[in-house]
Amino acid sequence: MGIVDTYEKRHHVFDYQKKNIPDELVKDVLYKAWKITPSKNNFMPYHVHVIGPEQQAIKDEVWKKCAFNHRRKEEDSFKRKDGDGVEYKTQLGNKTDYKFNINRSYNHVRYNSHLLMFSARICKPNKYMARMIEKEGHYAEQLEKKEVDEIRMTTSFECGLFAAHLAGICIEHGIDVSYNHCFPGEANAWPSLPFLWYDEDKKWARVFANMSMGYAKYYRYQWMIDGNRGEDLKPEMEDVVKWI
Amino acid sequence: MNTFDLLEHKRKHVVEYKDDVPSLEKIKHSLWQAWKTTPSKNNAMAYQVFVWGPDKQKEKEIIYNICQNTCVEIDHQGQPESISKGNKYLKHIKDNPFLFTIHQRLATPNEYYQESIDKNDMYYEQAHESEMPKIINSVAIEVGLFAQNLTSYLIEKDIDVSYNGCFSGNYIDYQKAGLTNITTRPLFMLTCGYGKIYRRRFENDIKPEAEEIIEWV
């Protein structure tokens with residue numbers, strides 16, 4: 001079996017079983033993902049917070065943030081409020097009124113065995129990098145709170161590398177994973193979850209992604225089939241890969 | 001070979017590639033595998049992978065120069081007294097069989113989402129130019145997923161890969177230098193080929209301990 005067979009097995013989960021992954025196994029797969037994930041200048045400027053089965057209140061709160069962000073985005077875009085009964089034009093120009101529905105795709109953020117939250121971390125240089133800074137004039141953005149926003153794109157990318165490694169290792173152990181990118185992006189959006197803060201004085205956090213782990217009961221693709229919802233296809237390869 | 005063993009034992013940063021060029025079939029197949037297995041929010045894949053092949057030496061040198069200038073600029077912006085002369089590990093950006101630069105892309109909703117947009121008031125942010133800067137984080141996460149998958153598929157075929165996260169994020173810089181086909185923000189760069197010289201593993205250049213990165217709440 002090749003690596004492609006592993007990643008072909010990944011599907012977005014709508015509902016997980018109530019069975020939890022043993023903490024020891026979660027620790028093992030996270031350690032392996034950490035071990036094989038490279039990072040620019042070996043900084044790894046992010047935390048992976050592990051929210052286990054006993055922390056349901058935190059998961060509820062994160063799920064509420066996802067729903068809040070989705071609703072806010074739609075209300076801002078449509079210039080309407082949920083249930084105000086006023087008609088507006090959709091993106092395709094048709095008239096309708098607006099009612100907010102919580103996306104079932106967020107269910108996995110609330111109900112899972114373990115939820116992982118990737119957030120910004122202020123780093124310290126290793127000895128090699130300290131020498132680069134002292135002797136070769138290198139500026140390490142990863143050491144500065146003021147640079148968190150500036151480097152958010154490369155940090156997001158590195159979180160993606162970690163997440164992909166972890167996904168592969170999890171699938172090889174029969175563990176399902178799902179991703180979530182819909183949550184508030186403001187630094188002050190997480191006042192009640194101090195473990196996320198990179199700046200404790202300002203209570204600022206920068207969240208990059210959420211990822212859930214568990215044993216799937218019902219996948220999104222099954223929901224698509226069960227409801228005769230048609231096909232949800234990705235763009236053609238030629239749209240994504242361009243030979244110059 | 002499983003994911004961990006493959007990457008732990010075979011992925012190494014290349015300083016210099018051999019002159020041998022991997023077959024086009026292997027590159028195309030790896031790109032297809034990465035495209036096929038990389039998930040994307042709303043199936044948007046709001047990024048585009050430009051493949052610069054062996055015949056694009058001039059373009060690669062332009063990109064390399066922009067990367068080096070960016071490194072020096074960042075060092076000087078952060079430390080005005082800096083004596084930085086750039087990054088000595090960037091040579092792989094100009095001397096390689098294949099360079100991949102990944103850029104943001106305005107997406108078009110598929111039929112399923114078009115229907116959702118119309119019926120359920122869905123807002124498809126990946127299709128709006130004004131949203132491109134706002135969704136950069138989630139697009140960059142997906143580029144990380146794609147790059148990792150591509151890396152695995154290339155390494156499985158014994159093709160080495162190296163990354164570069166030091167480049168100008170302003171597409172205008174590339175256009176000014178003559179690369180007018182770059183019209184959106186670059187998000188990441190990677191190269192591939194057969195490694196001749198790999199980056200030395202310095203004893204002091206270690207990543208933070210797992211406990212510093214992974215925190216149990």
Side-chain angles (χ1 to χ4, degrees), chain A residues 2-4 6-8 30-32 34-36 39-40 42 44 47-51 55 73-74 77-78 90-92 94 96 98 126-128 136-139 152-154 156-161 163-165 168-169 172 181 195 208-209 230-235 237 240-244, chain B residues 2-4 6-8 31-33 35 37 39-41 43 45 48-52 56 74-75 78-79 82-84 107 110 112 117-118 120-121 123-124 136-138 140-145 147-149 152-153 156 163 165 181 187-188 202 204-208 210 213-217:
Chain A
I3 299 292
V4 72
T6 299
Y7 285 97
E8 283 276 36
L30 282 167
Y31 172 80
K32 285 176 174 161
W34 165 82
K35 189 76 172 61
I36 57 175
S39 175
K40 184 178 176 183
N42 266 337
M44 305 188 88
H47 276 300
V48 182
H49 304 282
V50 188
I51 301 158
Q55 309 273 17
K73 188 80 205 169
E74 289 188 348
S77 306
F78 304 142
T90 68
Q91 203 173 346
L92 291 184
N94 299 310
T96 185
Y98 172 61
N126 61 27
K127 286 181 183 169
Y128 177 83
E136 299 198 25
H138 180 71
Y139 176 65
R152 71 188 192 281
M153 192 194 73
T154 51
S156 297
F157 171 82
E158 292 193 10
C159 292
L161 293 179
H165 289 144
I169 296 164
E172 286 164 354
H181 302 312
F195 62 86
F208 298 109
E231 284 187 303
D232 179 9
L233 302 172
K234 56 173 66 177
M237 181 162 162
V240 179
V241 178
K242 191 175 173 187
W243 287 73
I244 304 294
Chain B
N2 63 35
T3 304
F4 179 78
L6 178 79
L7 292 157
E8 175 68 356
L31 282 163
W32 181 84
Q33 289 175 312
W35 166 80
T37 57
S40 175
K41 182 179 177 180
N43 264 336
M45 303 190 84
Q48 194 163 39
V49 183
F50 283 13
V51 187
W52 309 80
K56 302 293 174 196
I74 291 170
D75 287 341
Q79 296 189 50
S82 173
I83 51 160
S84 168
N110 63 22
Y112 175 78
I117 289 163
D118 205 31
N120 303 331
D121 315 325
Y123 181 68
Y124 196 87
I136 195 86
N137 285 10
S138 70
I141 290 261
E142 292 186 8
V143 170
L145 299 177
Q148 193 284 317
N149 287 340
S152 292
Y153 302 135
E156 259 189 331
Y163 294 160
N181 46 2
L187 302 172
F188 193 65
F202 297 96
N204 291 333
D205 189 10
I206 49 172
K207 59 168 78 176
I213 307 303
I214 300 160
E215 284 200 342
W216 286 71
V217 177

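Everything numeric in this text was worked out from a predicted model, so none of it was measured. Lettering follows sequence order; numbering is per chain, from 1.
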Visitor: Of all the heavy-atom pairs spanning A:S156 and B:I141, show the shortest one and how long it is.
Guide: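 For A:S156 and B:I141, the tightest heavy-atom pair comes out as O-CD1, 3.4 Å.
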Visitor: Which atom pair, heavy atoms only, marks the closest approach of A:K73 to B:Y123?
Guide: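 Between these two residues, the closest heavy atoms are CE-CE2, 3.8 Å.
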Visitor: Which atoms of A:K35 come close to chain B, meaning under 4.5 Å heavy atom to heavy atom: side chain ones, backbone ones, both, or neither?
Guide: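 Both backbone and side chain.
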Visitor: What distance do B:Q48 atom CD and A:K242 atom NZ have between them, rounded to the nearest 0.5 Å?
Guide: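 The distance works out to 5.5 Å.
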Visitor: Working to the nearest 0.5 Å, report the span between CD1 of A:I3 and CG of B:N2.
Guide: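 Output value for this atom pair is 6.5 Å.
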Visitor: Counting only non-hydrogen atoms closer than 4.5 Å, does A:E8 touch chain B with its backbone (N, CA, C, O), its side chain (CB onward), both, or neither?
Guide: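 Both the backbone and the side chain of A:E8 come within 4.5 Å of chain B.
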Visitor: Could you tell me which of B:N149, B:N137, B:I214 has the largest number of non-hydrogen atom pairs under 4.5 Å with chain A?
Guide: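 Sorted descending by pairs with chain A, the first entry is B:N137.
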Visitor: Indicate whether any N or O donor in one side chain lies under 3.5 Å from an N or O acceptor in the other, for A:E158 and B:Y163.
Guide: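 No - no donor-acceptor pair under 3.5 Å links their side chains.
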Visitor: Go through the atoms of B:S138 and report whether side chain, backbone, both or neither lie under 4.5 Å from a heavy atom of chain A.
Guide: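 Its backbone and side chain both get close to chain A.
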Visitor: Heavy atoms only, distances under 4.5 angstrom: which of B:P208, B:G165, B:A107 has the most pairs with chain A? Name it, please.
Guide: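 Going by pairs under 4.5 Å, I would pick B:P208.
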Visitor: For B:I136 and A:R152, what are the C-alpha separation, side-chain angles and deciding distance, and is it a side chain to side chain contact (heavy atoms under 4.5 Å, CB included)?
Guide: CA-CA 9 Å; B:I136 195 86; A:R152 71 188 192 281; 3.6 Å; yes
Visitor: Residues in side-chain contact (heavy atoms from CB on, under 4.5 Å) with A:N42, at least two apart?
Guide: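 Partners of A:N42 under the side-chain contact (heavy atoms from CB on, under 4.5 Å) test: A:N126, B:D205, B:K207.
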Visitor: Check A:P235 against B:N43 and note the closest heavy-atom contact, atom names and distance.
Guide: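 In this case the closest contact between A:P235 and B:N43 is CD-O, 3.2 Å.
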Visitor: Looking at every heavy atom in both A:H165 and B:T3, which two are closest together, and how far apart are they?
Guide: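 Of all heavy-atom pairs spanning A:H165 and B:T3, the closest is O-CG2, 4.3 Å.
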Visitor: Less than 4.5 Å apart, side chain to side chain, heavy atoms only: is that true for B:Q148 and A:Y7?
Guide: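 Yes; the side chains approach each other to less than 4.5 Å.
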Visitor: To the nearest 0.5 Å, what is the distance between CD1 (B:I213) and CE (A:M44)?
Guide: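 It is 5.0 Å, given to the nearest 0.5 Å.
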Visitor: My understanding is that only residues two or more places apart in sequence, or in another chain, count here; which of them pass ring pair (Phe, Tyr, Trp, His ring centres under 6.0 Å) with A:W243?
Guide: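 Per chain and number, A:W243 pairs via ring pair (Phe, Tyr, Trp, His ring centres under 6.0 Å) with no residue.
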Visitor: Can you see which heavy atom on B:K56 is nearest to which on A:I244, and at what distance?
Guide: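 Distance-wise, the nearest heavy atoms are CE-O, 3.0 Å.
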Visitor: Do B:E156 side-chain atoms and A:G2 backbone N/O form a donor-acceptor pair below 3.5 Å?
Guide: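 Not confirmed, B:E156 side chain does not pair with A:G2 backbone.
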Visitor: Parallel, tilted or perpendicular: which one describes the rings of B:F188 and A:F157, with boundaries at 30° and 60°?
Guide: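 Plane angle under 30°, so parallel.
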Visitor: Heavy-atom distances under 4.5 Å only: say whether A:T154 touches chain B with side chain, backbone, both or neither.
Guide: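 Contact with chain B: side chain only.
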Visitor: Considering only heavy atoms from C-beta outward, does the side chain of B:Y112 approach that of A:L233 to under 4.5 Å?
Guide: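 B:Y112 vs A:L233: side chains apart.
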Visitor: Nearest 0.5 Å, what's the OH-CZ distance between A:Y31 and B:F4?
Guide: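 It is 6.5 Å, given to the nearest 0.5 Å.
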Visitor: Are the side chain of B:E215 and the backbone N or O of A:H47 linked by a donor-acceptor pair below 3.5 Å?
Guide: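 Checking the backbone N and O of A:H47 against the side chain of B:E215, no donor-acceptor pair under 3.5 Å is found.
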Visitor: What is the minimum heavy-atom distance between B:V217 and A:Q55, and which atoms define it?
Guide: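 Closest approach of B:V217 to A:Q55, heavy atoms only: O-NE2, 2.7 Å.
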Visitor: Heavy-atom pairs under 4.5 Å with chain A are the metric here; pick the option from B:L6, B:N181, B:L187 that has the most.
Guide: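 Looking at each of B:L6, B:N181, B:L187 in turn, B:L187 comes out on top.
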